[in-house]
Amino acid sequence: MHGAATPSFDGGRRAVLLRTERLLLAPVAESDLEELFALHANPLAFADDLTEPLTDREQMRWVLQQWIRAWQEHGTGYLTVRPTAAGSVRGRTADDGTAADTTTDDTAARAAARTAPDNAAAGALTTRDPLLGVVGLTPLAFEGRHVLSAYWRLDPAVTGCGIATEAARAVLADPRLGARDQKVIAVTAAGNRPSLALAARLGFLRSEREAPGGRTGDVLLVRRPEDEAGT
């Protein structure tokens, strides 16, 4: 199900808060920097990718500023993925080889850096649960038209339990983010089987056209808007 819209940081647009059965998705914010850097500096999160992990916190700070600007300018962008306060997410892998458990305890949870708005979703932002990943859509000029570019990056400790699929489906289904009306593309490495499998579950089809950026080894995936489906 979809959460309520909350006031965005630019005072004019409406940021999007999404809540699924197990997850809470919120627009990225400056307070997410350390966790985002840890995720994007983890080599295991890039094991099947052609992109190199980040090595400098300032790289992540610069990227995060671009992500925040996308929300401010376009009303869509990337969202952090966290478990709901009452939820438990178990993955296949953990540092010690056991199943990862991100069950949260409200009495021990850290206070959220963002101030919770006074609406039905306020309670969801009063605690700070572990970052499971990032998903989202950003506008991109591609082949002479505006499309949305999809992104997903999951903490390898919680892979294999449907978190990326659940989060990405919520993003693609929410009408406020535009995927119902615009073509969505994604770029991934041709050998990244987990990413290709996720894209297939989300309705992306592989295209023979060159992927944006022109990097050898990347493939273009395309998901058409609902009004073009089946045509």
Side-chain angles (χ1 to χ4, degrees), residues 1-3 16-29 31-49 51 53-54 60 64 67 76-106 109-110 112 121 124-125 127-138 148-174 177 179 184 186-189 192-204 221 223:
M1 60 181 175
H2 306 309
V16 176
L17 182 68
L18 303 180
R19 190 183 182 99
T20 70
E21 181 179 356
R22 297 182 294 170
L23 307 172
L24 178 68
L25 283 68
V28 292
S31 56
D32 299 316
L33 173 63
E34 294 302 321
E35 289 175 293
L36 288 172
F37 176 62
L39 172 64
H40 288 82
N42 185 351
L44 295 178
F46 294 80
D48 300 294
D49 207 337
T51 304
L54 298 183
M60 188 72 248
L64 179 56
W67 291 356
T76 189
Y78 295 163
L79 303 99
T80 57
V81 181
R82 300 179 187 277
T84 57
S88 176
V89 176
R90 293 181 179 273
R92 292 187 299 212
T93 59
D95 291 342
D96 61 359
T98 62
D101 189 348
T102 64
T103 302
T104 57
D105 183 347
D106 287 345
R110 291 171 289 168
L125 292 179
T127 58
R128 185 84 163 169
D129 296 303
L131 181 72
L132 305 180
V134 180
V135 298
L137 303 167
T138 54
L148 292 172
S149 178
Y151 180 79
W152 49 76
R153 182 78 60 191
L154 189 68
D155 184 337
V158 292
T159 58
C161 54
I163 296 302
T165 303
E166 185 174 333
R169 279 179 175 160
V171 168
L172 292 168
D174 194 291
L177 297 180
V184 181
V187 177
T188 192
N192 191 337
R193 290 185 293 177
S195 187
L196 291 171
L198 171 60
R201 289 194 295 273
L202 297 173
F204 286 85
L221 308 169
R223 185 179 189 270

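No experiment lies behind these values; they were computed from the predicted model shown.
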Kindly write out the residues that satisfy side-chain hydrogen bond (donor to acceptor under 3.5 Å, both in side chains) with [X], not counting sequence neighbours, or none if the list is empty.
X      : result
Arg201 : Thr165
Trp152 : Ser195
Thr138 : none
Thr51  : Arg215

Taking the side chain as every heavy atom from C-beta outward, state whether [X] and [Y] have any atom pair closer than 4.5 Å.
X      : Y      : value
Arg22  : Ile163 : yes
Arg82  : Asp32  : yes
Pro156 : Asn42  : yes

Counterpart residues, salt bridge (Lys or Arg N to Asp or Glu O under 4.0 Å), relative to Arg153 (two or more places apart): Asp49

Heavy-atom closest contact ([X] atom, [Y] atom, distance):
X      : Y      : value
Leu39  : Gly133 : CD2-CA, 4.0 Å
Pro83  : Pro130 : CD-O, 3.1 Å
Thr20  : Ala170 : CG2-CB, 3.7 Å
Gly136 : Val171 : CA-CG1, 4.2 Å
Ala168 : Leu202 : CB-CD1, 3.6 Å

Suppose we screen for ring pair (Phe, Tyr, Trp, His ring centres under 6.0 Å). Which residues come up paired with Phe37, at least two apart in sequence or across chains? none

Residue pairs passing the salt bridge (Lys or Arg N to Asp or Glu O under 4.0 Å) test where at least one lies in residues 37-48, sequence neighbours excluded: none

Measuring from [X]:[atom1] to [Y]:[atom2], what's the distance to the nearest 0.5 Å?
X      : Y      : atom1 : atom2 : result
Leu17  : Leu25  : CG    : CG    : 8.5 Å
Leu64  : Leu36  : CG    : CG    : 6.0 Å
Leu148 : Leu172 : CG    : CG    : 9.0 Å
Leu79  : Leu23  : CG    : CG    : 11.5 Å

Who passes side chain to side chain contact (heavy atoms under 4.5 Å, CB included) against Leu196, sequence neighbours left out? Thr188, Val219, Leu221

Parallel, tilted or perpendicular: which one describes the rings of Tyr151 and Tyr78, with boundaries at 30° and 60°? parallel

Main-chain N/O of Leu24 paired to Thr84 side chain as donor or acceptor, under 3.5 Å: no

